[in-house]
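Quick notes on the structure that follows.
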Amino acid sequence: MRKVLILGATSAIAQATARLFAAKGDHLFIAGRSADRLEMVRQDIAVRGAASVGVFAIDANDRARHEALLDAAERAMGGLDTVLIAHGVLSDQKACEGSVERALVDIETNALGVIALLTLVANRFEARRSGTIAVISSVAGDRGRKSNYVYGAAKGMVTLFLQGLRNRLAAAEVQVLTIKPGFVDTPMTAAIPKGGPLWAKPEDIATGILAAIEKKRDVVYLPWFWQWIMLIIRMIPERIFKRLSL
Ligand SMILES: NC(=O)c1ccc[n+]([C@@H]2O[C@H](COP(=O)([O-])OP(=O)(O)OC[C@H]3O[C@@H](n4cnc5c(N)ncnc54)[C@H](OP(=O)(O)O)[C@@H]3O)[C@@H](O)[C@H]2O)c1
(Lines give C-alpha, C1' and ligand atoms only; values in the text may rest on other atoms or scores of the structure.)
Protein backbone atom coordinates (compact mmCIF):
# COMPACT_ATOMS: atom_id res chain seq x y z
CA MET A 1 0.00 0.00 0.00
CA ARG A 2 1.65 3.23 -1.20
CA LYS A 3 1.57 6.61 0.56
CA VAL A 4 1.20 9.04 -2.30
CA LEU A 5 1.39 12.85 -2.39
CA ILE A 6 0.06 14.49 -5.57
CA LEU A 7 0.73 18.18 -6.19
CA GLY A 8 -1.51 19.65 -8.87
CA ALA A 9 -4.11 17.04 -7.97
CA THR A 10 -6.93 18.96 -9.64
CA SER A 11 -5.30 18.47 -13.05
CA ALA A 12 -7.17 16.09 -15.36
CA ILE A 13 -4.16 13.78 -15.73
CA ALA A 14 -3.50 13.80 -11.96
CA GLN A 15 -7.14 13.05 -11.17
CA ALA A 16 -7.18 10.09 -13.53
CA THR A 17 -3.94 8.82 -11.95
CA ALA A 18 -5.28 9.35 -8.41
CA ARG A 19 -8.25 7.14 -9.29
CA LEU A 20 -5.87 4.34 -10.25
CA PHE A 21 -3.89 4.71 -7.02
CA ALA A 22 -7.20 4.68 -5.10
CA ALA A 23 -8.33 1.51 -6.86
CA LYS A 24 -5.13 -0.14 -5.60
CA GLY A 25 -6.06 0.83 -2.03
CA ASP A 26 -3.24 3.36 -1.62
CA HIS A 27 -3.19 6.27 0.82
CA LEU A 28 -3.46 9.62 -0.98
CA PHE A 29 -2.65 13.18 0.00
CA ILE A 30 -3.82 15.62 -2.64
CA ALA A 31 -2.56 19.19 -2.97
CA GLY A 32 -3.54 22.04 -5.25
CA ARG A 33 -4.41 25.70 -5.16
CA SER A 34 -8.22 25.53 -5.17
CA ALA A 35 -9.72 24.18 -1.94
CA ASP A 36 -13.13 23.77 -3.59
CA ARG A 37 -11.80 21.77 -6.52
CA LEU A 38 -9.63 19.67 -4.19
CA GLU A 39 -12.70 18.79 -2.16
CA MET A 40 -14.44 17.56 -5.33
CA VAL A 41 -11.42 15.42 -6.19
CA ARG A 42 -11.23 14.15 -2.59
CA GLN A 43 -14.85 12.99 -2.68
CA ASP A 44 -14.33 11.27 -6.01
CA ILE A 45 -11.20 9.43 -4.86
CA ALA A 46 -12.60 8.51 -1.45
CA VAL A 47 -15.31 6.33 -3.01
CA ARG A 48 -12.85 4.53 -5.29
CA GLY A 49 -11.08 2.48 -2.64
CA ALA A 50 -8.32 4.75 -1.30
CA ALA A 51 -7.13 3.79 2.18
CA SER A 52 -7.29 7.50 3.11
CA VAL A 53 -7.43 10.85 1.33
CA GLY A 54 -5.92 13.99 2.85
CA VAL A 55 -6.15 17.46 1.35
CA PHE A 56 -3.77 20.46 1.41
CA ALA A 57 -4.47 23.76 -0.34
CA ILE A 58 -1.29 25.35 -1.68
CA ASP A 59 -0.11 27.38 -4.63
CA ALA A 60 2.81 25.42 -6.07
CA ASN A 61 4.84 28.62 -6.22
CA ASP A 62 4.47 29.20 -2.47
CA ARG A 63 7.88 27.74 -1.75
CA ALA A 64 7.82 28.83 1.89
CA ARG A 65 5.08 26.22 2.51
CA HIS A 66 6.66 23.27 0.70
CA GLU A 67 8.19 21.78 3.88
CA ALA A 68 4.81 22.17 5.60
CA LEU A 69 3.16 20.32 2.70
CA LEU A 70 5.56 17.38 3.02
CA ASP A 71 5.22 17.31 6.83
CA ALA A 72 1.42 17.34 6.55
CA ALA A 73 1.45 14.51 4.00
CA GLU A 74 3.71 12.39 6.24
CA ARG A 75 1.58 13.07 9.30
CA ALA A 76 -1.68 12.26 7.52
CA MET A 77 -0.49 9.03 5.88
CA GLY A 78 2.00 7.89 8.52
CA GLY A 79 4.80 8.26 5.99
CA LEU A 80 5.41 9.15 2.36
CA ASP A 81 6.91 6.96 -0.37
CA THR A 82 5.58 8.33 -3.67
CA VAL A 83 5.35 11.92 -4.94
CA LEU A 84 3.66 12.87 -8.21
CA ILE A 85 4.09 16.47 -9.36
CA ALA A 86 1.48 17.29 -11.98
CA HIS A 87 0.64 20.99 -11.95
CA GLY A 88 1.44 23.24 -14.90
CA VAL A 89 0.27 26.01 -17.20
CA LEU A 90 0.36 26.02 -20.99
CA SER A 91 1.99 29.36 -21.72
CA ASP A 92 0.48 31.85 -24.12
CA GLN A 93 3.62 32.10 -26.25
CA LYS A 94 2.73 35.39 -27.90
CA ALA A 95 1.86 37.00 -24.57
CA CYS A 96 5.17 35.78 -23.12
CA GLU A 97 7.07 37.27 -26.06
CA GLY A 98 5.55 40.64 -25.20
CA SER A 99 5.96 40.48 -21.43
CA VAL A 100 9.03 39.54 -19.43
CA GLU A 101 6.85 39.23 -16.32
CA ARG A 102 4.42 36.83 -18.03
CA ALA A 103 7.22 34.60 -19.29
CA LEU A 104 8.90 34.44 -15.89
CA VAL A 105 5.67 33.70 -14.02
CA ASP A 106 5.06 30.70 -16.28
CA ILE A 107 8.64 29.51 -15.89
CA GLU A 108 8.19 29.83 -12.13
CA THR A 109 5.08 27.64 -12.21
CA ASN A 110 6.30 25.05 -14.72
CA ALA A 111 9.90 24.77 -13.54
CA LEU A 112 11.12 26.68 -10.49
CA GLY A 113 8.28 25.64 -8.17
CA VAL A 114 8.76 22.04 -9.30
CA ILE A 115 12.50 22.13 -8.72
CA ALA A 116 12.05 23.70 -5.29
CA LEU A 117 9.76 20.91 -4.11
CA LEU A 118 11.89 18.22 -5.75
CA THR A 119 14.93 19.41 -3.80
CA LEU A 120 13.13 18.84 -0.48
CA VAL A 121 11.61 15.52 -1.50
CA ALA A 122 14.94 14.25 -2.83
CA ASN A 123 16.70 14.91 0.47
CA ARG A 124 14.00 13.09 2.46
CA PHE A 125 13.94 10.05 0.16
CA GLU A 126 17.73 9.91 -0.13
CA ALA A 127 18.07 9.82 3.66
CA ARG A 128 15.56 6.92 3.78
CA ARG A 129 17.13 5.19 0.78
CA SER A 130 13.73 4.55 -0.82
CA GLY A 131 10.86 6.25 -2.60
CA THR A 132 9.43 7.17 -5.97
CA ILE A 133 9.48 10.65 -7.49
CA ALA A 134 7.33 11.06 -10.62
CA VAL A 135 7.02 14.36 -12.44
CA ILE A 136 4.93 15.30 -15.47
CA SER A 137 7.23 17.11 -17.87
CA SER A 138 6.35 17.18 -21.59
CA VAL A 139 7.55 16.26 -25.06
CA ALA A 140 7.68 20.05 -25.49
CA GLY A 141 10.83 20.02 -23.34
CA ASP A 142 12.72 17.89 -25.89
CA ARG A 143 13.26 20.70 -28.38
CA GLY A 144 12.58 24.43 -28.49
CA ARG A 145 9.98 25.44 -31.07
CA LYS A 146 8.88 28.93 -32.03
CA SER A 147 5.25 28.20 -31.20
CA ASN A 148 5.84 27.33 -27.52
CA TYR A 149 9.44 27.78 -26.41
CA VAL A 150 8.63 29.44 -23.08
CA TYR A 151 6.62 26.41 -21.97
CA GLY A 152 9.12 24.10 -23.66
CA ALA A 153 12.10 25.73 -21.95
CA ALA A 154 10.50 25.30 -18.52
CA LYS A 155 9.68 21.65 -19.21
CA GLY A 156 13.17 21.13 -20.63
CA MET A 157 14.62 22.51 -17.39
CA VAL A 158 12.52 20.05 -15.38
CA THR A 159 13.54 17.16 -17.63
CA LEU A 160 17.25 17.98 -17.28
CA PHE A 161 16.94 18.51 -13.52
CA LEU A 162 15.27 15.11 -13.18
CA GLN A 163 18.00 13.49 -15.24
CA GLY A 164 20.66 14.73 -12.83
CA LEU A 165 18.55 13.93 -9.80
CA ARG A 166 18.03 10.37 -11.03
CA ASN A 167 21.75 10.02 -11.47
CA ARG A 168 22.32 11.24 -7.89
CA LEU A 169 19.54 9.18 -6.27
CA ALA A 170 20.34 5.92 -8.08
CA ALA A 171 22.78 5.04 -5.28
CA ALA A 172 19.96 5.46 -2.76
CA GLU A 173 17.63 3.33 -4.91
CA VAL A 174 15.12 6.14 -5.25
CA GLN A 175 13.13 6.00 -8.50
CA VAL A 176 13.02 9.28 -10.43
CA LEU A 177 10.48 9.07 -13.26
CA THR A 178 10.20 11.68 -16.01
CA ILE A 179 6.78 11.57 -17.65
CA LYS A 180 6.56 13.06 -21.15
CA PRO A 181 3.02 13.18 -22.50
CA GLY A 182 2.27 14.33 -26.03
CA PHE A 183 -1.11 15.95 -26.83
CA VAL A 184 -3.69 15.20 -24.13
CA ASP A 185 -7.34 16.26 -24.16
CA THR A 186 -7.56 18.19 -20.86
CA PRO A 187 -8.65 21.69 -19.77
CA MET A 188 -5.06 22.82 -20.47
CA THR A 189 -5.54 22.20 -24.19
CA ALA A 190 -9.18 23.38 -24.34
CA ALA A 191 -8.34 26.14 -26.81
CA ILE A 192 -6.53 23.84 -29.26
CA PRO A 193 -8.49 22.11 -32.05
CA LYS A 194 -8.45 18.36 -31.37
CA GLY A 195 -8.89 15.12 -33.23
CA GLY A 196 -6.74 12.51 -34.89
CA PRO A 197 -4.48 9.76 -33.64
CA LEU A 198 -1.98 11.98 -31.82
CA TRP A 199 -4.50 13.02 -29.15
CA ALA A 200 -4.76 10.95 -25.97
CA LYS A 201 -7.22 10.90 -23.07
CA PRO A 202 -6.08 11.65 -19.50
CA GLU A 203 -7.07 8.08 -18.54
CA ASP A 204 -4.60 6.66 -21.10
CA ILE A 205 -1.82 8.81 -19.68
CA ALA A 206 -2.73 7.79 -16.13
CA THR A 207 -2.50 4.11 -17.02
CA GLY A 208 0.94 4.74 -18.51
CA ILE A 209 2.08 6.66 -15.42
CA LEU A 210 1.06 3.89 -13.03
CA ALA A 211 2.68 1.22 -15.21
CA ALA A 212 5.91 3.25 -15.41
CA ILE A 213 6.00 3.67 -11.63
CA GLU A 214 5.42 -0.02 -11.04
CA LYS A 215 8.01 -1.05 -13.64
CA LYS A 216 10.55 1.33 -12.06
CA ARG A 217 11.05 3.17 -15.36
CA ASP A 218 13.27 6.26 -15.65
CA VAL A 219 11.63 8.07 -18.56
CA VAL A 220 8.33 7.39 -20.25
CA TYR A 221 6.77 8.94 -23.36
CA LEU A 222 2.96 8.73 -23.30
CA PRO A 223 1.58 7.36 -25.49
CA TRP A 224 4.69 5.36 -26.43
CA PHE A 225 4.85 6.57 -30.07
CA TRP A 226 5.95 10.05 -28.96
CA GLN A 227 9.37 8.59 -28.25
CA TRP A 228 9.83 8.03 -32.00
CA ILE A 229 8.19 11.30 -33.04
CA MET A 230 10.50 13.23 -30.73
CA LEU A 231 13.54 11.26 -31.91
CA ILE A 232 12.83 12.48 -35.43
CA ILE A 233 12.10 16.03 -34.24
CA ARG A 234 15.40 16.13 -32.33
CA MET A 235 17.35 14.83 -35.31
CA ILE A 236 16.25 17.57 -37.73
CA PRO A 237 19.27 19.85 -38.30
CA GLU A 238 18.89 23.33 -36.82
CA ARG A 239 19.35 25.05 -40.21
CA ILE A 240 16.24 23.22 -41.46
CA PHE A 241 14.34 23.31 -38.17
CA LYS A 242 14.48 27.09 -37.90
CA ARG A 243 12.59 27.38 -41.20
CA LEU A 244 9.76 25.06 -40.12
CA SER A 245 6.46 26.33 -38.74
CA LEU A 246 6.43 24.12 -35.66
N1 LIG B 1 -2.59 18.39 -21.75
C2 LIG B 1 -1.49 18.18 -22.47
O3 LIG B 1 -1.55 18.11 -23.72
C4 LIG B 1 -0.17 18.00 -21.78
C5 LIG B 1 0.92 17.55 -22.55
C6 LIG B 1 2.16 17.39 -21.94
C7 LIG B 1 2.30 17.66 -20.60
N8 LIG B 1 1.22 18.11 -19.87
C9 LIG B 1 1.44 18.39 -18.47
O10 LIG B 1 0.57 17.59 -17.69
C11 LIG B 1 0.37 18.21 -16.43
C12 LIG B 1 -1.11 18.17 -16.11
O13 LIG B 1 -1.82 19.01 -17.02
P14 LIG B 1 -3.27 18.66 -17.58
O15 LIG B 1 -3.12 18.42 -19.01
O16 LIG B 1 -3.89 17.63 -16.72
O17 LIG B 1 -3.99 20.07 -17.46
P18 LIG B 1 -5.05 20.71 -16.46
O19 LIG B 1 -6.18 19.76 -16.21
O20 LIG B 1 -5.35 22.05 -17.02
O21 LIG B 1 -4.24 20.84 -15.10
C22 LIG B 1 -3.31 21.85 -14.82
C23 LIG B 1 -3.28 21.90 -13.30
O24 LIG B 1 -2.21 22.74 -12.86
C25 LIG B 1 -2.68 23.44 -11.74
N26 LIG B 1 -1.90 24.62 -11.47
C27 LIG B 1 -1.52 25.59 -12.35
N28 LIG B 1 -0.80 26.52 -11.71
C29 LIG B 1 -0.71 26.13 -10.41
C30 LIG B 1 -0.09 26.66 -9.28
N31 LIG B 1 0.60 27.80 -9.31
N32 LIG B 1 -0.20 25.98 -8.10
C33 LIG B 1 -0.90 24.82 -8.03
N34 LIG B 1 -1.51 24.27 -9.08
C35 LIG B 1 -1.41 24.92 -10.25
C36 LIG B 1 -4.12 23.78 -12.08
O37 LIG B 1 -4.80 24.12 -10.91
P38 LIG B 1 -6.21 24.87 -10.89
O39 LIG B 1 -7.21 23.75 -10.91
O40 LIG B 1 -6.18 25.60 -9.60
O41 LIG B 1 -6.23 25.76 -12.10
C42 LIG B 1 -4.56 22.48 -12.71
O43 LIG B 1 -5.00 21.57 -11.72
C44 LIG B 1 0.96 19.60 -16.55
O45 LIG B 1 2.24 19.61 -15.94
C46 LIG B 1 1.12 19.80 -18.03
O47 LIG B 1 2.13 20.72 -18.36
C48 LIG B 1 0.00 18.27 -20.43
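None of these values were measured; they are calculated from a predicted model. Just so you know, ligand 1 is whichever comes first in the structure, and atom 1 is the first atom listed for that ligand.
Counting heavy atoms closer than 4.0 Å to ligand 1, residue K180 contributes nothing at all. Both the backbone and the side chain of D59 come within 4.0 Å of ligand 1, judged by heavy-atom distances. Heavy atoms of A86 found under 4.0 angstrom from ligand 1 belong exclusively to the backbone. Contacts between T186 and ligand 1, counted as non-hydrogen atom pairs separated by less than 4.0 Å, involve the side chain only. At a heavy-atom cutoff of 4.0 Å, ligand 1 is contacted by both the backbone and the side chain of I136.
Remark: ligand 1 atoms within the under-4.0 Å shell around heavy atoms of T10 are 37 (O), 38 (P), 39 (O), 42 (C), 43 (O). In summary, the atoms of ligand 1 found under 4.0 Å from a heavy atom of R37, numbered by their order in the structure, are 38 (P), 39 (O). Atom numbering of ligand 1 starts at 1 in the shown order; those under 4.0 Å from a heavy atom of F183 are 3 (O). Every atom of ligand 1 is numbered from 1 in the order shown, and the set under 4.0 Å from a heavy atom of P187 is 19 (O), 20 (O). Annotation for ligand 1: atoms under 4.0 Å from non-hydrogen atoms of G182 are 3 (O), 4 (C), 5 (C), 6 (C). Applying the 4.0 Å criterion to heavy atoms of T189 picks out, from ligand 1, the atoms 1 (N), 2 (C), 3 (O).
Looking at S138, G113, G88, it is G88 that brings a heavy atom closest to atom 22 (C) of ligand 1.
Residue contacts with ligand 1: A12 is placed with a nitrogen or oxygen under 3.5 Å of a nitrogen or oxygen of the ligand (distance criterion only). For ligand 1, the polar-atom distance check against R33 finds a nitrogen or oxygen pair separated by under 3.5 Å. Of the N or O atoms in A14, none lie within a sub-3.5 Å distance of an N or O in ligand 1. Taking distance alone, with nitrogen or oxygen atoms compared against 3.5 Å, Y151 approaches ligand 1 more closely than that limit. Residue contacts with ligand 1: G8 is placed with no nitrogen or oxygen under 3.5 Å of a nitrogen or oxygen of the ligand (distance criterion only). For a threshold of 3.5 Å applied to N or O pairs, the pair formed by N110 and ligand 1 contains no separation below that value. On a distance-only criterion, V184 and ligand 1 share at least one N/O pair closer than 3.5 Å. Below 3.5 Å of separation, one finds an N or O of H87 facing an N or O of ligand 1. Backbone and side-chain nitrogen or oxygen atoms of I13 are examined, and one is located within less than 3.5 angstrom of a nitrogen or oxygen of ligand 1.
The protein atom (non-hydrogen) at minimum distance from atom 33 (C) of ligand 1 is A60 N, 3.5 Å. In terms of protein heavy-atom proximity, atom 20 (O) of ligand 1 is nearest to M188 N, 3.1 Å. Ranking protein heavy atoms by distance to atom 23 (C) of ligand 1, first place goes to S11 CB, 3.5 Å.
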Begin with the C-alpha distance, continue with both residues' side-chain angles, and end with the deciding distance and a verdict on salt bridge (charged side-chain N to carboxylate O under 4.0 Å, His left out) for E238 and R243.
CA-CA 9 Å; E238 196 70 2; R243 295 177 200 286; over 6 Å; no
Please report the C-alpha distance between K3 and D81 in whole Å, then the side-chain angles of each, then the deciding distance to 0.1 Å, and finally whether the salt bridge (charged side-chain N to carboxylate O under 4.0 Å, His left out) criterion is met.
CA-CA 5 Å; K3 295 172 177 174; D81 52 51; over 6 Å; no
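In the model, R145 has a side-chain atom that pairs as donor or acceptor with a side-chain atom of S147 under 3.5 Å. With hydrogens and angles left out, the side-chain atoms of S137 and T159 include a donor and acceptor closer than 3.5 Å.
By the 4.5 Å side-chain criterion applied to Ile, Leu, Val, Met, Phe, Trp and Tyr, V4 is assigned to a cluster that also includes I6, I13, L20, F21, L28, I30, L38, V41, I45, V53, V55, L84, I136, L177, I179, V184, I205, I209, L210, I213, V220, L222.
In this structure, V105 is not a member of the same hydrophobic cluster as M157, with clusters built from ILVMFWY side-chain heavy atoms closer than 4.5 Å.
More than 12 heavy-atom neighbours from other residues, nucleotides or ligands sit within 6.0 angstrom of NZ on K216. Heavy-atom contacts from other residues, nucleotides or ligands closer than 6.0 Å to CD of E39 number more than 12.
With contacts defined as side-chain heavy-atom distances shorter than 4.5 Å, the pair M235/M230 does not qualify. F241 is listed as a side-chain neighbour of L246, based on a closest heavy-atom distance under 4.5 Å.
Distances shorter than 4.0 angstrom do not occur between any heavy atom of Q15 and any atom of ligand 1. In this structure, S137 counts as a contact residue of ligand 1, since one of its heavy atoms falls inside 4.0 Å of the ligand.
Ring centroid separation for the pair W228 and Y221 does not come in under the 6.0 Å cut-off.
Residue I133 holds its CD1 atom at 6.0 Å from CZ of F125, rounded to the nearest 0.5 Å.
R168 has a carboxylate O that lies under 4.0 Å from a charged side-chain N of E126, or vice versa, which qualifies the two as a salt bridge. Between R75 and D71 there is no salt bridge, since none of the side-chain N atoms of the basic residue sits less than 4.0 Å from a carboxylate O of the acidic one. Salt-bridge check for R124 with E74: passed, with a basic side-chain N closer than 4.0 Å to an acidic carboxylate O.
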